[in-house]
Amino acid sequence: MELGISMFGDLRVDPITNKFQPAQQRLGEIIEEIKLMDELGLDYFGIGEHHRPDFAVSSPEILLAAAAVVTKNIKLGSAVSVLSSADPVKLYQNFAMVDLLSNGRAELMAGRGSFIESFPLFGNNLNDYNELFTEKLDLLLKINKEETITWKGRFRPELVNQQVLPRAVDNNLPIWIAVGGTPESVIRAGKLGLPLMIAIIGGSPGQFKPLFNLYREEYQKAGHDMAKFQVGIHAHAFFGENADEVAANYYPLYAAQMDRIGKSRGWSPYTKYQFDYGRQKEGALFVGDAEAAIDKILYVQEMFGLTRFAAHMDIGAPSHKDMMKSIEIFGTKIAPKVREALKK
């Protein structure tokens with residue numbers, strides 16, 4: 001199982017001015033954090049795409065290109081790229097360039113987007129939410145297989161014998177599908193034989209077991225090679241030396257960000273009860289010390305047959321110092337023990 005970290009580039013809020021941290025500062029911090037992940041031997045880093053004032057990253061591929069030249073081994077991907085509001089041609093070209101800069105370490109994780117800001121920003125109609133993703137995924141996969149494209153759809157000008165360059169290393173860019181729990185998206189990934197990442201950010205992981213079973217069934221039914229089967233989860237996580245201390249310090253930051261997001265979605269205020277339940281073994285949060293994290297990661301790996309676990313680590317924008325500590329614990333105390341246990 002690959003062990004990695006994902007982020008959205010959350011921006012800290014100044015408690016005095018109530019203003020967000022400058023994006024430039026946070027971007028520099030993220031590069032330092034990725035460098036540490038690479039040095040510690042973590043397998044994967046993913047960065048999300050957002051177009052809101054509380055996030056620093058609107059173009060994952062630009063940050064990944066910067067990371068590509070200061071790292072050596074870690075895979076670099078989006079988490080996610082909002083394919084529905086992107087141009088698949090340009091998206092492929094950008095990630096192919098990251099792949100070339102990183103000597104074949106780039107991945108593109110495509111999703112429909114849980115935030116909607118990018119749709120009006122790039123002139124897309126939310127009424128076409130599902131159709132946009134379906135059509136653009138079809139074009140993206142075609143581009144990944146064929147250098148010269150002839151294609152016609154509803155939402156983009158047609159292509160007639162057009163070359164899409166440059167090409168990814170070995171002419172094959174790894175493309176994942178990310179879902180939040182929609183069975184239709186899971187079925188699509190299984191039928192296409194694409195790696196699947198499921199976001200588990202609330203409730204109990206056990207509730208998601210039917211989706212994993214559905215994905216495996218569709219993947220096998222379509223005749224895809226099980227040796228290439230890949231499935232992972234993205235889960236909110238933060239680590240410290242002392243479980244109670246890290247939870248007490250992290251809760252206010254986490255709750256504040258969940259409330260900022262929830263305000264636009266009609267959610268009730270986030271509660272300490274939700275946080276404490278999430279930290280239990282049956283909950284969705286991986287917040288605490290190394291020992292608890294090791295047990296919980298192995299617990300979900302066995303439950304789902306995971307090939308990747310992504311600890312999503314910057315919700316609420318903890319300080320750079322605390323982020324570096326959390327990454328260090330993941331890389332030096334958690335990852336080695338998880339890998340050792342999985343060899344037995």
Side-chain angles (χ1 to χ4, degrees), residues 1-8 33-46 73-75 77 79 195-209 211-212 229-251 253-254 272 274-316 318-344:
M1 179 173 64
E2 293 179 322
L3 296 168
I5 291 173
S6 61
M7 299 181 186
F8 285 168
E33 290 159 9
I34 302 169
K35 286 171 65 177
L36 179 60
M37 296 173 210
D38 187 50
E39 291 165 6
L40 295 174
L42 291 173
D43 300 304
Y44 163 79
F45 171 75
N73 299 304
I74 193 167
K75 292 180 180 179
L196 179 71
M197 180 70 77
I198 297 180
I200 300 181
I201 59 174
S204 172
Q207 296 172 299
F208 289 78
K209 190 70 185 292
L211 291 180
F212 287 88
F229 183 83
Q230 295 181 81
V231 63
I233 68 168
H234 150 118
H236 293 174
F238 205 71
F239 310 118
E241 298 287 358
N242 180 282
D244 293 335
E245 186 177 304
V246 72
N249 292 335
Y250 187 47
Y251 169 71
L253 298 174
Y254 186 83
K272 186 65 162 49
Q274 288 173 279
F275 186 76
D276 290 340
Y277 173 79
R279 291 183 60 233
Q280 295 176 17
K281 186 173 182 179
E282 297 77 16
L285 291 179
F286 292 72
V287 176
D289 60 18
E291 184 177 349
I294 293 163
D295 290 343
K296 198 164 182 177
I297 292 170
L298 291 172
Y299 169 71
V300 294
Q301 196 283 331
E302 183 177 3
M303 182 186 300
F304 300 130
L306 299 177
T307 63
R308 175 177 289 180
F309 174 82
H312 190 85
M313 208 175 275
D314 67 341
I315 296 291
S319 71
H320 178 51
K321 178 182 176 182
D322 289 344
M323 284 290 295
M324 294 290 273
K325 184 64 177 179
S326 182
I327 293 165
E328 179 190 347
I329 290 172
F330 191 43
T332 62
K333 297 185 177 182
I334 298 171
K337 290 291 182 67
V338 170
R339 288 168 179 154
E340 183 182 337
L342 291 175
K343 288 179 181 178
K344 295 178 181 177

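One-based numbering along the sequence shown. What you see is a predicted model, and the numbers here were worked out from it, not measured in a lab.
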- Closest approach of Ala335 to Gly331 (non-hydrogen atoms, all atoms of both residues): CB-O, 4.1 Å
- Query: Does CD belonging to Glu291 count more than 12 external heavy atoms closer than 6.0 Å?
  - Reply: no
Please tabulate, one pair per line, all N/O donor-acceptor pairs under 3.5 Å involving side-chain atoms of residues 307-314, not counting sequence neighbours.
unit_1, atom_1, unit_2, atom_2, d
Thr307, OG1, Val231, N, 2.9
Thr307, OG1, Val231, O, 3.2
Arg308, NE, Glu2, OE1, 2.9
Arg308, NH1, Glu107, OE1, 2.9
Arg308, NH2, Glu2, OE1, 2.8
Arg308, NH2, Glu107, OE1, 3.3
Arg308, NH2, Glu107, OE2, 2.9
His312, ND1, Ser6, O, 3.4
His312, ND1, Ser6, OG, 2.9
Asp314, OD1, Phe8, N, 3.1
Asp314, OD2, Phe8, N, 3.4
Asp314, OD2, Gly9, N, 2.8
Asp314, OD2, Asp10, N, 3.2

- Gap separating the OG atom of Ser326 from the CZ atom of Phe239, nearest 0.5 angstrom: 5.5 Å
- Message: Just so I know, are the side chains of Phe275 and Leu285 near enough to count as touching, which here means a heavy-atom distance under 4.5 Å?
- Response: yes
- Item | Leu3 backbone acceptor or donor facing Asp43 side chain under 3.5 Å | yes
- Query: Phe286 ring centre to Lys296 NZ or CZ under 6.0 Å, with the angle to the axis within 45°?
  - Reply: yes
- From Leu211 CG over to Lys209 NZ, what is the distance, rounded to the nearest 0.5 angstrom? 11.5 Å
- Message: Please determine whether a side-chain nitrogen of the Lys or Arg among Lys325 and Glu241 lies less than 4.0 Å from a carboxylate oxygen of the Asp or Glu.
- Response: yes
- Could you tell me which non-hydrogen atom of Met197 sits nearest to which non-hydrogen atom of Gly232, and how far apart they are? SD-C, 3.3 Å
- Message: I'd like to know if the side chain of Arg279 reaches the main chain of Val287, judged simply by a donor and an acceptor atom lying under 3.5 Å from each other, with no hydrogens or angles considered.
- Response: yes
- Do Asp38 side-chain atoms and Ile74 backbone N/O form a donor-acceptor pair below 3.5 Å? yes
- How are the rings of Tyr250 and Tyr254 set to each other: parallel, tilted or perpendicular (split at 30° and 60°)? tilted
- Worked verdict on Met1 versus Ile297 for side chain to side chain contact (heavy atoms under 4.5 Å, CB included): CA-CA 10 Å; Met1 179 173 64; Ile297 292 170; 3.6 Å; yes
- Would you confirm whether Gln207, through its side chain, and Ser204, through its main-chain N or O, come within 3.5 Å as a donor-acceptor pair? yes
- Query: For Phe208 and Gly202, which heavy atoms make the closest approach, and how far apart are they?
  - Reply: CE1-O, 4.0 Å
- Item | Nearest-0.5 Å distance, NZ of residue Lys343 to CZ of residue Arg339 | 9.0 Å
- Task: Determine, step by step, whether Asp322 and Ser319 satisfy the side chain to side chain contact (heavy atoms under 4.5 Å, CB included) criterion, reporting the C-alpha distance in whole Å, the side-chain angles of both residues, the deciding distance to 0.1 Å, and the verdict.
- Result: CA-CA 5 Å; Asp322 289 344; Ser319 71; 3.3 Å; yes
- Query: Leu40 and Glu328: which non-hydrogen atoms are nearest, and at how many Å?
  - Reply: CD1-CA, 3.7 Å
- Message: Determine whether Val246 and Tyr251 satisfy the following criterion, side chain to side chain contact (heavy atoms under 4.5 Å, CB included), listing intermediate values before the conclusion.
- Response: CA-CA 8 Å; Val246 72; Tyr251 169 71; over 6 Å; no
- Note on the structure: In short, Ala79 meets Tyr44 closest at the heavy-atom pair CB-OH, 4.0 Å
- Side chain proximity check, Ile5 to Leu42, heavy atoms < 4.5 angstrom: yes
- Message: Apply side chain to side chain contact (heavy atoms under 4.5 Å, CB included) to residues Phe330 and Ile327 and explain how you reach the verdict.
- Response: CA-CA 5 Å; Phe330 191 43; Ile327 293 165; 5.6 Å; no
- Could you tell me whether the side chain of Leu196 reaches within less than 4.5 Å of the side chain of Phe229, counting heavy atoms only? no
- Grab the two heavy atoms, one from Glu282 and one from Tyr277, that are nearest each other, plus how far apart they are. O-OH, 4.0 Å
- Query: Got Pro205 and Phe304 here, is their nearest side-chain heavy-atom distance under 4.5 Å?
  - Reply: yes
- Task: Before accepting this row, confirm whether a basic side-chain N of the pair Lys337/Asp295 lies closer than 4.0 Å to the acidic partner's carboxylate O.
- Result: no
- Query: Would you say Met323 and Met7 make side-chain contact, with heavy atoms under 4.5 Å?
  - Reply: yes
